[in-house]
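These notes are about the structure you will find just below.
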Amino acid sequence: LTPASENQDPEEEMKSGIHSGGGRAAGLTTALLLLGLVQQVSSVSPLQASFNESDRTGSGEDFRNDWCEREAAVRSGDMQLRDTLEGTKVSMMLEIESFYVYEGTGGRLDGHIPQILDELAKRARFEWRETALLGGLAYEEETYSEYAAYHAQKVDMIANWLTDTPGRRALGLEFPYNWMDMSNIMVTMTEQEEAPFGRTFFSFLRPFEASLWIVVVLGVVYSAVIFWVLESRVNDSFHDRSASEGIEVATFIAAAKLTWSGSFVPASTSGRIFAISWAVVCVCFFVSYTARLTSSLIVSNEHKSTITGPDDANQKVLPVCVWAGTTQETLLKERYPKIPQVAKATELEVFEALKARECVGAVSTMFPWSINEVQREFNADCLLQYVGRPFRTASGGFVTSPDYSGNCAGMFNTAVTLHMAEME
């Protein structure tokens, strides 16, 4: 998730809105969706009943811990920083989304993010599952930056994949440890094209480059000439043949030796030494060639994309799908103003629109794409491919609030940073 702009003013960010092509669920719809998700997860926290996710007035219950007593213990030397979370119940807010967070065996929250939290809790010796809260989508006219800024004042940590930007820092959000590569990339829907006949028919030549095949041919001819010189006077196979005929026969034998379908029959000591030397060369060639042959004969279809990146889409004025309410919208508008944007409510909808050819490309980030790329739900036929280079470098991770409200959250943030750094 990314804010409307790295340096955008919060009020302007709130007005970023949603462009044509899709929108986000408004209040009632989001509340109903969240209720359905909560009912699906049987092991949801007991605190969920008192968690008013739809409230934005600030009157909702505050589930954060007061860390001041433990901070005082650290200051006095009675407690080590790494031990400050031991025995506590840390409130977390998660969002049910595909394989990042889902209902696992026995109704337990599972997925990539819960597994990270389990490891963090194991190292810092705290509990989070009994105080985990499920959040819904951001509302219409609400960016994910504002969404995160509100909930960071209600829970100890938002366990989601959010991008660290100056705009979010300006809203008072803290990122204890950025462990995700959130660089923006372009993903396209490629088309399969059958390999041309020439590439298929001559695929047996692919194990070696052309220069090496030339060396092999010259080596065969050279070996034939040397063998004929050594054997022409003493070998019965060459007595009644002219020089050209003798070299021709020797060339055939040398070439056949490469595939072990023929061999020299030397009559002299020098001829035998040379035959052994050529046999060693043929063994090396045969082993190297067969080792590469299998993969070379598998000729894959070519994948071609309509665009090579955002610059190409901007130049051709082709539509690109984006996730509504994130910086993808303003990033494209600022850097690539000619690109028509097709905004969608979720990342899954973005990729579904791409596969439906509503756009020629979709903006994603490195961390989610590294997971989505190999998921059947997203890329069953492997036609979605990342093209070009990241066009904005960024990182991100979980989100907390700074120590503005007097609950000594700064100590909590530092302790989380320590343990997550040791998890690398």
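Within a 6.0 Å radius of CD in Glu119, more than 12 heavy atoms belonging to other residues, nucleotides or ligands are found. Atom NZ of Lys355 sits in a crowded spot, with more than 12 heavy atoms from other residues, nucleotides or ligands closer than 6.0 Å. Residue Glu248 places its CD atom among 12 or fewer non-hydrogen atoms of other residues, nucleotides or ligands, all under 6.0 Å distant.
Checking Ser145 against Arg168 by side-chain atom types alone, a donor-acceptor pair falls below 3.5 Å. Tyr177 and Glu424 are linked by a side-chain donor-acceptor pair at a separation below 3.5 angstrom, with hydrogens and angles left out of the test. A side-chain donor from one of Thr400 and Asn413 sits under 3.5 Å from a side-chain acceptor of the other. Side-chain contact, Ser305 with Thr188: a donor N or O sits under 3.5 Å from an acceptor N or O. In summary, the side chains of Glu347 and Ser364 do present a donor paired with an acceptor at a separation below 3.5 Å, with no hydrogens or angles considered. In the model, Asn184 has no side-chain atom that pairs as donor or acceptor with a side-chain atom of Gln328 under 3.5 Å.
The salt bridge (charged side-chain N to carboxylate O under 4.0 Å, His left out) check on Arg389 picks up nothing, with sequence neighbours excluded.
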Please lay out, stage by stage, how Phe208 and Tyr289 fare under the test ring pair (Phe, Tyr, Trp, His ring centres under 6.0 Å). CA-CA 8 Å; Phe208 297 142; Tyr289 181 79; 5.8 Å; yes
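A side-chain hydrogen bond (donor to acceptor under 3.5 Å, both in side chains) with Lys344 is found for one member of Glu352, Glu349, Glu358 and no other, namely Glu358. Applying side-chain contact (heavy atoms from CB on, under 4.5 Å) to Phe227 and the options Trp278, Tyr222, Phe274 leaves one that passes, Phe274.
Within the structure, every pair that satisfies the ring-ring contact (aromatic ring centres under 6.0 Å, His included) test and touches residues 67-95, not counting sequence neighbours, is listed here: Trp67-Phe412.
Residues Phe63 and Asp156 fail the side-chain proximity criterion, which asks for heavy atoms closer than 4.5 Å.
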